[in-house]
Enquirer: 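Take a look at the following structure, please.
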Amino acid sequence: VFEKKPFLQRVVKTYKRVKKDSALLLSACSHLLYNEELMASLAESGFDAMLTDPFLPCGPIVALRLALPVVFFLNSLPCGLDFQGTLCPSPPSYVPRVLSLNSDHMTFLQRVKNMLILVSEGFLCNVVYSPY
């Protein structure tokens, strides 16, 4: 966190870390889904619904396999899917991105930062979710 490395070097390092972490999570999800004994046990348990966090797609995939309705417990979906799904506008010129720490009264540089975060979110979401 406290390293003073060039911006591009930090971006590459973050990209590699995200790619590695997402591969680990995908592997865990695959092992869960292909564990026939565990999946059969879950299917026989007679659950009415599945509570899951939509940030990682493994929960909804397991729910789909078990034919269970899904209840999400997060205030927003990853990658702006909640805005796309509801067709709710979220212009980065005055709606701050979640991790930007900006308020709705932004300076020009804060708006530029907000836009860069928006663009990088799309790229990172593609890296994380495309394997699923």
Side-chain angles (χ1 to χ4, degrees):
V1 172
F2 299 107
E3 291 179 322
K4 297 291 182 188
K5 292 188 176 185
F7 175 74
L8 192 55
Q9 204 172 19
R10 286 183 293 163
V11 168
V12 169
K13 184 177 179 180
T14 300
Y15 169 77
K16 287 179 180 179
R17 187 175 56 235
V18 166
K19 192 150 179 80
K20 180 181 171 187
D21 292 348
S22 64
L24 175 70
L25 294 169
L26 178 64
S27 174
C29 186
S30 295
H31 282 88
L32 170 67
L33 288 168
Y34 290 114
N35 185 336
E36 295 300 329
E37 183 181 335
L38 178 59
M39 293 303 291
S41 173
L42 290 172
E44 293 169 2
S45 297
F47 292 107
D48 295 324
M50 182 167 180
L51 301 174
T52 186
D53 184 337
F55 186 75
L56 296 174
C58 193
I61 292 170
V62 170
L64 183 66
R65 171 125 183 242
L66 297 175
L68 293 173
V70 179
V71 178
F72 293 120
F73 59 89
L74 186 69
N75 62 357
S76 67
L77 293 173
C79 304
L81 293 174
D82 47 349
F83 293 115
Q84 291 176 19
T86 59
L87 299 177
C88 181
S90 177
S93 57
Y94 65 90
V95 178
R97 301 307 298 168
V98 174
L99 300 176
S100 71
L101 303 177
N102 293 334
S103 72
D104 58 341
H105 300 288
M106 293 181 273
T107 66
F108 176 74
L109 289 178
Q110 288 173 325
R111 290 172 199 260
V112 169
K113 174 186 169 186
N114 208 42
M115 188 66 186
L116 291 174
I117 290 172
L118 176 67
V119 170
S120 66
E121 281 176 356
F123 176 72
L124 287 175
C125 284
N126 189 35
V127 169
V128 172
Y129 296 113
S130 62
Y132 288 92

Enquirer: Any sub-3.5 Å donor-acceptor pair from Ser130's side-chain atoms to Asn126's backbone N or O?
Expert: yes
Enquirer: In a table with atom names and distances, give each donor-acceptor pair under 3.5 Å that connects a side chain of residues 37-59 to protein atoms at least two apart or in another chain.
Expert:
| from | atom 1 | to | atom 2 | distance (Å) |
| --- | --- | --- | --- | --- |
| Ser45 | OG | Ser41 | O | 2.8 |
| Asp53 | OD1 | Phe55 | N | 2.9 |

Enquirer: Apart from Leu116 itself, what residues make up its hydrophobic cluster, given side-chain heavy atom links below 4.5 Å?
Expert: Phe108, Leu109, Val112
Enquirer: Tell me which one of Ile117, Leu124, Val119 satisfies side chain to side chain contact (heavy atoms under 4.5 Å, CB included) with Glu121.
Expert: Ile117
Enquirer: So which atom in Pro96 and which in Ser103 form the shortest heavy-atom distance, rounded to 0.1 Å?
Expert: CG-O, 3.7 Å
Enquirer: Does anything in residues 16-25 pair up under salt bridge (charged side-chain N to carboxylate O under 4.0 Å, His left out), and if so which pairs, sequence neighbours excluded?
Expert: none
Enquirer: Atom CG of Leu118 and atom CZ of Phe123: how far apart are they, to the nearest 0.5 Å?
Expert: 14.5 Å
Enquirer: Flag yes if Leu68 and Leu64 sit in one hydrophobic cluster, no otherwise; membership is Ile, Leu, Val, Met, Phe, Trp, Tyr, and two members link when side-chain heavy atoms are under 4.5 Å apart.
Expert: no
Enquirer: Between atom CG of Leu66 and atom CD1 of Ile61, what is the distance when rounded to the nearest 0.5 Å?
Expert: 12.0 Å
Enquirer: Would you compute the distance between atom CZ of Arg97 and atom NZ of Lys113 and round it to the nearest 0.5 angstrom?
Expert: 13.0 Å
Enquirer: Does the side chain of Phe72 reach to within under 4.5 Å of the side chain of Pro60, using non-hydrogen atoms?
Expert: yes
Enquirer: Hey, could you give me the SG/CG distance between Cys29 and Leu24, rounded to the nearest 0.5 Å?
Expert: 11.5 Å
Enquirer: Restricting to non-hydrogen atoms, name the atom on Met106 and the atom on Pro92 that form the minimum distance, rounded to 0.1 Å.
Expert: CE-O, 3.6 Å
Enquirer: Could I get the full list of side chain to side chain contact (heavy atoms under 4.5 Å, CB included) partners for Ser93, not counting sequence neighbours?
Expert: Pro91, Arg111
Enquirer: Hey, what do you get for CD (Gln110) to NE2 (His105), rounding to the nearest 0.5 Å?
Expert: 11.5 Å
Enquirer: Tell me who clusters with Val95, hydrophobic residues only, linked when side chains sit under 4.5 Å apart either directly or through other members.
Expert: Tyr94
Enquirer: Can you list everything that forms a salt bridge (Lys or Arg N to Asp or Glu O under 4.0 Å) with Glu36? Sequence neighbours excluded, please.
Expert: Arg65
Enquirer: Ser120: which residues meet the side chain to side chain contact (heavy atoms under 4.5 Å, CB included) condition with it, sequence neighbours left out?
Expert: none
Enquirer: What pairs meet the ring-ring contact (aromatic ring centres under 6.0 Å, His included) rule with one or both residues in residues 20-40, with sequence neighbours excluded?
Expert: none
